[in-house]
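Predicted model only: the values in this text are computed from it and were never measured. In what follows, residues are counted from 1 in the order of the sequence shown.
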Amino acid sequence: MPTTALTPDALDLEAARLYETHAWQQIVRHWTLTAPEPIHRAAIESTDPPAHQPGDWRSLLTVPVDQLIADAERTLPAAPPRERPLPGRLGAILPDRLHAWRRIGQADLRPSQHLAYARQVLVEWGWMNQPYKLRNGAGARCVCGGLLSAHRLGYGSTDTMNRAAAWIITELRNGPHQWTGLIGAWNRQPGRTADQAIALIDATIRRASHAGH
């Protein structure tokens, strides 16, 4: 999907389609199992004479060292956003396409990192729940609008943004919300608050980070 054609509703639908795929459901099913298996105490407390050279700690492990390292790296939390302030009030109300130059030379991110930048957008520029709009007159964004703005500001590719939105849907459907609709419908529910929107982003960051995303 071309970047110029992106809208909050298009992002919402793309995220829902991604969530429904078999590959994503496999991620959802196993996301709590990505932490490395603990080393069995029995292997450490064995009283049998060791059959290895003194100091050879590898024989105490029940899985290969490379696997332990890979599992540990996969479950590390996302790095916090770099100290790169957002454009000010004028930047908040300008069309997002005018920020596209900020993408030049920026490396891609994990979805959890992209979500952290989207959170920054919602905190600094504001959150709103007016339906079918990317921003209001003051420059505040809906949840999907925050993801789109973070992408346009150079934080993550289109694919990363789509996966970040799919993680939000994953949190909505599998977390305490038990919401079966789209992100936009949740965002504009009567009585929805900015604190709830930020809390949703925070919970999604934790879920995606735990899964290594």
Side-chain angles (χ1 to χ4, degrees), residues 1-19 78 81 84-103 106 108-173 175 177 179-205 207-208 213:
M1 181 168 30
T3 300
T4 54
L6 289 175
T7 66
D9 290 334
L11 172 60
D12 215 348
L13 292 171
E14 183 66 23
R17 284 193 289 266
L18 178 57
Y19 174 84
R84 180 182 165 195
L86 298 178
R89 279 289 104 201
L90 179 60
I93 62 177
L94 287 175
D96 276 358
R97 65 178 181 275
L98 298 182
H99 298 300
W101 64 270
R102 295 174 179 271
R103 299 192 51 77
Q106 295 296 320
D108 203 2
L109 306 171
R110 289 189 290 176
S112 54
Q113 293 171 307
H114 176 81
L115 285 160
Y117 285 110
R119 184 190 194 280
Q120 185 180 0
V121 168
L122 296 181
V123 169
E124 295 189 22
W125 286 355
W127 169 86
M128 64 93 174
N129 62 348
Q130 295 178 16
Y132 314 114
K133 288 186 177 181
L134 174 62
R135 68 179 70 79
N136 63 15
R141 265 73 169 164
C142 62
V143 170
C144 285
L147 296 176
L148 280 164
S149 294
H151 163 66
R152 294 286 175 84
L153 289 166
Y155 302 123
S157 64
T158 303
D159 179 64
T160 294
M161 177 184 63
N162 288 337
R163 289 186 289 135
W167 275 113
I168 293 178
I169 289 182
T170 302
E171 176 62 28
L172 285 174
R173 297 191 183 179
H177 302 278
W179 180 266
T180 58
L182 297 177
I183 302 169
W186 180 90
N187 187 89
R188 55 181 174 262
Q189 274 287 103
R192 188 71 65 213
T193 66
D195 287 344
Q196 290 173 334
I198 298 300
L200 171 64
I201 297 292
D202 288 340
T204 305
I205 289 172
R207 183 181 288 264
H213 291 212

**Q** Is any side-chain heavy atom of P111 closer than 4.5 Å to a side-chain heavy atom of H213?
**A**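 Heavy-atom side-chain distance check passes, below 4.5 Å.
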**Q** Would you say R141 and W127 make side-chain contact, with heavy atoms under 4.5 Å?
**A**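 In short, these two side chains do not touch, never coming nearer than 4.5 Å.
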**Q** Roughly how far, to the nearest 0.5 Å, is CD1 of I169 from CG of L18?
**A**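 Rounded to the nearest 0.5 Å, the CG-CD1 separation comes to 8.5 Å.
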**Q** Can you name the nearest heavy-atom pair linking T160 to L109, along with the distance?
**A**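 That closest heavy-atom pairing would be OG1-O, 3.2 Å.
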**Q** Is the side chain of W179 donor-acceptor paired with the backbone N or O of L182 at a distance under 3.5 Å, no angle test?
**A**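 Indeed, once roles are kept as given, a pair shorter than 3.5 Å links the two residues.
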**Q** Calculate, to the nearest 0.5 Å, the distance between atoms CG and CE belonging to L147 and M161 respectively.
**A**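 With rounding to 0.5 Å, CG (L147) is 7.5 Å from CE (M161).
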**Q** Is it the case that the side chain of H151 and the backbone of G156 share a donor-acceptor pair, with hydrogens and angles ignored and the cut-off at 3.5 Å?
**A**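 Present.
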**Q** Is there a donor-acceptor pair under 3.5 Å between the side chain of Q113 and the backbone N or O of R110?
**A**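 Answer holds: yes.
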**Q** Enter the distance from T158:OG1 to R152:CZ here, rounded to the nearest 0.5 Å.
**A**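 Here the interatomic distance stands at 8.0 Å.
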**Q** Locate the shortest heavy-atom distance separating V143 from A197; write the atom from each residue and the value.
**A**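 Result for this residue pair: CG2-CB, 4.1 Å.
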**Q** Checking D12 now: which residues fulfil side chain to side chain donor-acceptor pair (under 3.5 Å) with it, not counting sequence neighbours?
**A**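 D12 satisfies side chain to side chain donor-acceptor pair (under 3.5 Å) with no residue once adjacent residues are dropped.
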**Q** Any side-chain heavy atom of L148 within less than 4.5 Å of one from P8?
**A**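 In short, these two side chains touch, coming nearer than 4.5 Å.
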**Q** Look up atom CZ in R163 and atom CG in L115, then write down how far apart they are to the nearest 0.5 Å.
**A**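 Taking CZ in R163 and CG in L115, the distance rounds to 10.5 Å.
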**Q** Does H114 reach the main-chain N or O of A150 with its side chain, forming a donor-acceptor pair under 3.5 Å?
**A**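 No, the answer is negative, given that no donor and acceptor are paired below the 3.5 Å cut-off.
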**Q** Could you tell me whether the side chain of N162 and the main chain of A15 form a donor-acceptor pair under 3.5 Å?
**A**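 Side chain of N162 to backbone of A15, a donor-acceptor pair under 3.5 Å: no, none is there.
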**Q** So do Y19 and R173 actually touch side chain to side chain, heavy atoms under 4.5 Å?
**A**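 Of all side-chain heavy-atom pairs linking Y19 with R173, at least one is under 4.5 Å.
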**Q** Give the minimum heavy-atom separation between I168 and I201, together with the two atoms involved.
**A**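 In terms of heavy atoms, the two residues are closest at CD1-CD1, 3.9 Å.
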**Q** Would you give the length of the straight line joining atom NE2 of H177 to atom CD of Q189, rounded to the nearest 0.5 angstrom?
**A**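 Answer rounded to 0.5 Å: 12.0 Å.
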**Q** Look at the rings of Y117 and Y155 and say which category their plane angle falls in: under 30° parallel, 30 to 60° tilted, over 60° perpendicular.
**A**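 Y117 and Y155: parallel rings.
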**Q** Cationic tip of R192 within the cone over W186's six-membered ring, i.e. under 6.0 Å and within 45° of the normal?
**A**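 The answer is yes; both the distance and angle limits are met.
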**Q** Are any non-hydrogen side-chain atoms of R207 and T204 less than 4.5 angstrom apart?
**A**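 They are not in side-chain contact.
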**Q** For the CG atom of D9 and the SG atom of C144, what is their distance to the nearest 0.5 Å?
**A**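 Reported value, rounded in 0.5 Å steps: 8.0 Å.
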**Q** Checking N187 side chain against M128 main chain: does a donor-acceptor pair fall under 3.5 Å?
**A**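 Indeed, once roles are kept as given, a pair shorter than 3.5 Å links the two residues.
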